[in-house]
Colleague: 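Got a structure for you, questions after.
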Amino acid sequence: MAEMDGLMDRLEKAVIRLESVLSNSFSSSSAENNVVNGINGGVVPFVEAFDALMAGALEEYVKNSKVIGGDVETHAGMVENAFKAERTFLVFASQHQQPPQAEECLILKPISEKILEIQSFREKNRGSQLFNHLSGISESIPALGWIAMSPKPGPYVKEMTDAATFYTNRVLKDYKSTDPRHVDWVKSYLNIWSELQAYIKEYHTTGVSWGNAICSVPSTAKGVALLQKSSESSCPPPPPPPPPPCPPPMADSLDSKAKDDISQDRSALFAQLNQGEAITKGLRHVSDEQKTHKNPKLRSQGGSSISPTKSHTPSPTTPQSPPHQSYPPLLELEGKKWRVEYQEGVQGLVISETELKQVAYIFKCKKTTIQIKGKLNSIIIDNCTKLGLVFDDVVGIVEVINSKDIEIQVLGKVPTISINKTDGCHVYLSENSIDCEIVSAKSSEMNILVPHDGDYKEFPVPEQFKTSWDGSKLVTEPAEMMG
């Protein structure tokens with residue numbers, strides 16, 4: 001009981017100290033902050049550089065988002081709050097030594113919650129006219145988790161940025177010639193990550209630059225709440241999900257009792273080994289009738305036979321996974337977008353009332369066939385399995401993303417078909433669509449079937465490539481695997 005009281009006293013002191021630090025750190029806004037971390041004279045250089053990034057690249061992105069308005073503006077507010085939470089972490093790191101991993105996860109929790117909030121907003125607004133904007137943000141915002149990456153946080157940010165370009169390129173394609181505001185928005189957003197990579201390279205090349213002061217971070221909800229409150233108070237946090245999970249505790253964290261048990265077990269083992277030939281006296285003789293390879297009856301029983309020398313205890317049952325959440329199937333025209341979602345086992349679904357300005361978005365459909373008549377602007381297949389699509393004409397692009405076992409048949413004409421992160425895709429072209437361009441990335445088992453003498457001739461899309469240096473540049477070509 002006395003030990004528990006002592007632990008509680010230490011914890012309370014740690015909480016009081018953290019409250020004092022944070023109240024000093026955020027008593028005034030970042031623009032007028034003359035006392036940071038309780039130290040007169042301003043912030044440390046790497047916090048000051050992060051402030052410059054927020055006041056420059058981030059502010060430009062927020063301004064361009066407000067010009068577009070709607071969901072993009074709302075999303076930008078969440079991104080801004082996430083950067084504020086990251087600044088809170090950097091201020092804290094500038095004053096303290098790196099804490100143990102378990103406590104570091106608690107400090108990272110507010111940032112994790114902001115990231116989840118941003119990604120959840122995209123999922124809740126799949127019908128948004130600005131869905132590509134939201135997706136570009138959602139795919140790349142985990143880059144803020146660089147603070148938990150070591151020893152190469154910079155390349156991690158670049159990897160996350162590359163994930164955004166798939167969607168930002170769509171924004172550029174849709175608005176390049178019609179609305180330059182969206183082009184400015186893309187440039188300003190991608191510039192944030194470019195500047196962040198430069199910032200990391202200068203100040204945190206191999207990981208976060210922690211301070212020198214020893215810190216005892218309270219491993220309680222109160223300590224986490226203090227960090228959340230200090231980052232920003234305008235947005236309530238959603239349920240948590242940390243960017244990088246914390247590794248399990250190391251073996252050296254075993255308590256003394258467990259170590260003693262291991263030592264005793266090891267001693268007993270060595271004592272048995274030191275018996276020499278006497279160690280075999282405890283073994284029981286097994287007759288031929290009990291040997292599987294000499295008794296056909298035992299062989300016929302297979303794995304159900306029980307060894308006479310082994311005690312069998314029933315293995316614990318595997319915990320059942322939570323029931324899969326189901327959504328009602330959807331087929332509706334929302335504005336200029338046909339939404340076909342959560343259809344399963346439906347054959348012969350037909351969309352016939354189409355217009356040139358309309359798009360079709362097919363999401364999470366399984367074992368379903370869909371026919372789209374008339375002429376559309378574009379078709380997107382997202383997260384579908386065993387889907388068959390037949391359509392007449394598309395003036396823009398047909399995209400297949402994150403799907404499996406897809407079959408597409410073109411009856412009329414389509415200029416471009418894009419296949420991304422998909423396993424198994426068969427495309428049947430018509431005579432009028434022979435000049436269609438196939439763009440693929442991170443996909444496998446892709447085949448293009450071309451009309452030939454009243455039938456189709458199948459051609460595989462290369463999945464493996466070889467790259468060589470020709471003296472001035474890299475040259476990439478498909479690798480010939482058949483011969």
Side-chain angles (χ1 to χ4, degrees), residues 122-123 126-127 131-132 135 139 166-167 170 320-334 337-352 354 358-374 376-394 396-414 416-430 433 436-451 455-464:
R122 188 271 293 263
E123 295 303 320
R126 283 192 165 271
F131 180 71
N132 286 331
S135 296
E139 292 293 324
F166 179 76
Y167 293 98
R170 289 195 200 174
Q320 295 183 352
S321 58
H324 177 69
Q325 186 176 4
S326 60
Y327 296 88
L330 178 67
L331 172 59
E332 67 175 12
L333 178 60
E334 185 182 83
K337 176 186 288 187
W338 280 100
R339 294 178 60 189
V340 186
E341 301 179 4
Y342 304 108
Q343 303 284 345
E344 185 166 355
V346 181
Q347 306 298 322
L349 200 63
V350 179
I351 299 175
S352 55
T354 58
Q358 292 176 350
V359 300
Y361 181 67
I362 306 170
F363 178 68
K364 283 199 173 180
C365 294
K366 295 182 180 179
K367 300 178 181 178
T368 298
T369 58
I370 303 171
Q371 182 177 3
I372 302 178
K373 298 182 178 181
L376 271 75
N377 182 277
S378 63
I379 300 174
I380 299 175
I381 300 173
D382 187 3
N383 269 288
C384 294
T385 304
K386 295 185 178 179
L387 175 80
L389 171 67
V390 181
F391 65 90
D392 291 346
D393 295 283
V394 168
I397 186 172
V398 174
E399 300 184 54
V400 184
I401 314 165
N402 294 322
S403 297
K404 187 175 181 180
D405 295 336
I406 305 297
E407 290 192 359
I408 299 174
Q409 183 173 3
V410 187
L411 300 180
K413 191 172 179 64
V414 60
T416 307
I417 295 177
S418 172
I419 307 171
N420 223 307
K421 298 180 181 178
T422 295
D423 296 324
C425 186
H426 289 68
V427 179
Y428 294 80
L429 298 177
S430 65
S433 59
C436 170
E437 292 184 350
I438 309 295
V439 181
S440 62
K442 298 181 180 179
S443 299
S444 62
E445 300 178 33
M446 299 171 289
N447 292 280
I448 310 302
L449 292 95
V450 179
D455 201 353
Y456 286 95
K457 190 172 182 180
E458 188 173 7
F459 297 90
V461 177
E463 300 175 23
Q464 191 171 13

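Note: hydrogens, waters and symmetry copies are ignored here, and every other heavy atom, side chains too, is used.
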Colleague: Atom CD1 in Ile381, atom CD1 in Ile370: separation rounded to 0.5 Å?
Modeller: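 Interatomic distance, Ile381 CD1 to Ile370 CD1, rounded to 0.5 Å: 7.5 Å.
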
Colleague: Any chance you could measure Leu330, atom CG, to Arg339, atom CZ, to the nearest 0.5 Å?
Modeller: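 One finds 5.0 Å between CG of Leu330 and CZ of Arg339.
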
Colleague: Quick one, Asn420 and Glu399 - any side-chain contact, counting heavy atoms below 4.5 Å?
Modeller: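 Sidechains of Glu399 and Asn420: no contact.
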
Colleague: Would you check, one step at a time, whether the test side chain to side chain contact (heavy atoms under 4.5 Å, CB included) holds for Ile406 with Leu389?
Modeller: CA-CA 8 Å; Ile406 305 297; Leu389 171 67; 5.9 Å; no

Colleague: So, taking the atom named NZ in Lys442 and the one named CZ in Phe166, what distance separates them when rounded to the nearest 0.5 Å?
Modeller: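 Here the interatomic distance stands at 10.5 Å.
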
Colleague: Taking NZ, NE, NH1 and NH2 as the nitrogens, is one of them in Glu341 or Arg126 under 4.0 Å from a carboxylate oxygen of the other?
Modeller: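 Arg126 and Glu341: not salt-bridged.
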
Colleague: Tell me, do Leu331 and Trp338 make a side-chain contact under 4.5 Å, heavy atoms counted?
Modeller: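 Result yes, sub-4.5 Å side-chain heavy-atom pair found.
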
Colleague: Please tell me if the side chains of Leu429 and Cys436 come closer than 4.5 Å, counting only heavy atoms from C-beta onward.
Modeller: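 Yes. Closest side-chain heavy atoms under 4.5 Å.
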
Colleague: Where the side chain of Ser378 meets the backbone of Val359, is there a donor-acceptor pair that is under 3.5 Å apart?
Modeller: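 Answer holds: no.
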
Colleague: Please name the pair of heavy atoms, one in Asn377 and one in Val394, separated by the smallest distance, quoted to 0.1 Å.
Modeller: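 That closest heavy-atom pairing would be O-CG1, 3.4 Å.
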
Colleague: As an exercise, state the distance from NZ of Lys337 to CD1 of Ile380, rounded to the nearest 0.5 Å.
Modeller: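 Separation between the atoms: 6.5 Å.
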
Colleague: So, Ser403 side chain and Cys384 main chain: donor-acceptor pair closer than 3.5 Å or not?
Modeller: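 Yes.
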
Colleague: So which heavy atom on Lys413 is nearest to which on Asp393, and how close?
Modeller: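 Minimum heavy-atom separation between Lys413 and Asp393: N-OD1, 2.8 Å.
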
Colleague: So with a 6.0 Å cut-off around NZ of Lys404, is the heavy-atom count from everything else above 12?
Modeller: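 Atom NZ in Lys404 is not packed in, count stays at 12 or less.
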
Colleague: Closer than 4.0 angstrom, basic N to acidic O: yes or no for Glu344 and Lys366?
Modeller: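 Here Glu344 does not pair with Lys366 in a salt bridge, since their nearest N and O are not under 4.0 Å apart.
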
Colleague: Side chains of His426 and Tyr456: does their closest heavy-atom pair fall under 4.5 Å?
Modeller: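 No, too far: nothing below the 4.5 Å cut-off.
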
Colleague: Judged by atom type as modelled, is there a donor-acceptor pair below 3.5 Å linking the side chain of Ser443 to the main-chain atoms of Lys421?
Modeller: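 Present.
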
Colleague: Where is the tightest heavy-atom contact between Lys373 and Thr354, given as atom of each residue plus distance?
Modeller: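 Closest pair (atom of Lys373, atom of Thr354, distance): O-OG1, 2.6 Å.
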
Colleague: Is there side-chain contact between Tyr167 and Glu139, with heavy atoms separated by less than 4.5 Å?
Modeller: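 Sidechains of Glu139 and Tyr167: in contact.
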
Colleague: Indicate yes or no for a side-chain donor-acceptor contact from Thr369 to the backbone of Gly348 under 3.5 Å, with no hydrogens or angles considered.
Modeller: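 Confirmed, Thr369 side chain pairs with Gly348 backbone.
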
Colleague: Would you say Glu463's side chain and Glu445's backbone share a donor-acceptor pair under 3.5 angstrom?
Modeller: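 Side chain of Glu463 to backbone of Glu445: a pair is present.
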
Colleague: How far apart are the closest heavy atoms of Ser430 and Gly412, and which atoms are they?
Modeller: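 Where Ser430 meets Gly412 most closely, the heavy atoms are OG-O, 2.5 Å.
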
Colleague: Applying side chain to side chain contact (heavy atoms under 4.5 Å, CB included), run through Val400 and Met446 and close with a yes or a no.
Modeller: CA-CA 11 Å; Val400 184; Met446 299 171 289; over 6 Å; no

Colleague: Could you report the tightest heavy-atom contact between Cys425 and Ile408, atom names first, then the distance?
Modeller: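 Where Cys425 meets Ile408 most closely, the heavy atoms are SG-CD1, 4.5 Å.
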
Colleague: With side chains defined as the heavy atoms from C-beta onward, is the minimum distance between Leu333 and Gln358 less than 4.5 Å?
Modeller: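 When only atoms from C-beta onward are counted, Gln358 and Leu333 do touch, with a gap below 4.5 Å.
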
Colleague: Report the relative orientation of the aromatic rings in Tyr342 and Tyr327; use parallel for angles under 30°, tilted for 30 to 60°, perpendicular for over 60°.
Modeller: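 Rings of Tyr342 and Tyr327: parallel, under 30°.
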
Colleague: Let me confirm one number: the CD1-CD1 distance from Ile372 to Ile379, rounded to the nearest 0.5 Å.
Modeller: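 Reported to 0.5 Å precision, the distance equals 4.0 Å.
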
Colleague: If you round to the nearest 0.5 Å, how far is CZ of Phe363 from CD of Gln343?
Modeller: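 Going from the CD atom of Gln343 to the CZ atom of Phe363 covers 13.0 Å.
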
Colleague: Show, in sequence, the C-alpha distance, side-chain angles and deciding distance for Ile397 and Val439, and conclude whether the side chain to side chain contact (heavy atoms under 4.5 Å, CB included) test is met.
Modeller: CA-CA 10 Å; Ile397 186 172; Val439 181; over 6 Å; no

Colleague: Within the distance-only criterion (no hydrogens, no angle test), does the side chain of Glu437 pair as donor or acceptor with the backbone N or O of Ile417 below 3.5 angstrom?
Modeller: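 Absent.
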
Colleague: Pick one: which of Ile419, Asp382, Asn383, Thr422 meets side chain to side chain contact (heavy atoms under 4.5 Å, CB included) with Ile401?
Modeller: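 Of all the options given, the one that passes is Asp382.
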
Colleague: Please determine which of Ile351, Leu411, Val414 meets the side chain to side chain contact (heavy atoms under 4.5 Å, CB included) test together with Phe391.
Modeller: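 One option only clears the test, and that one is Val414.
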
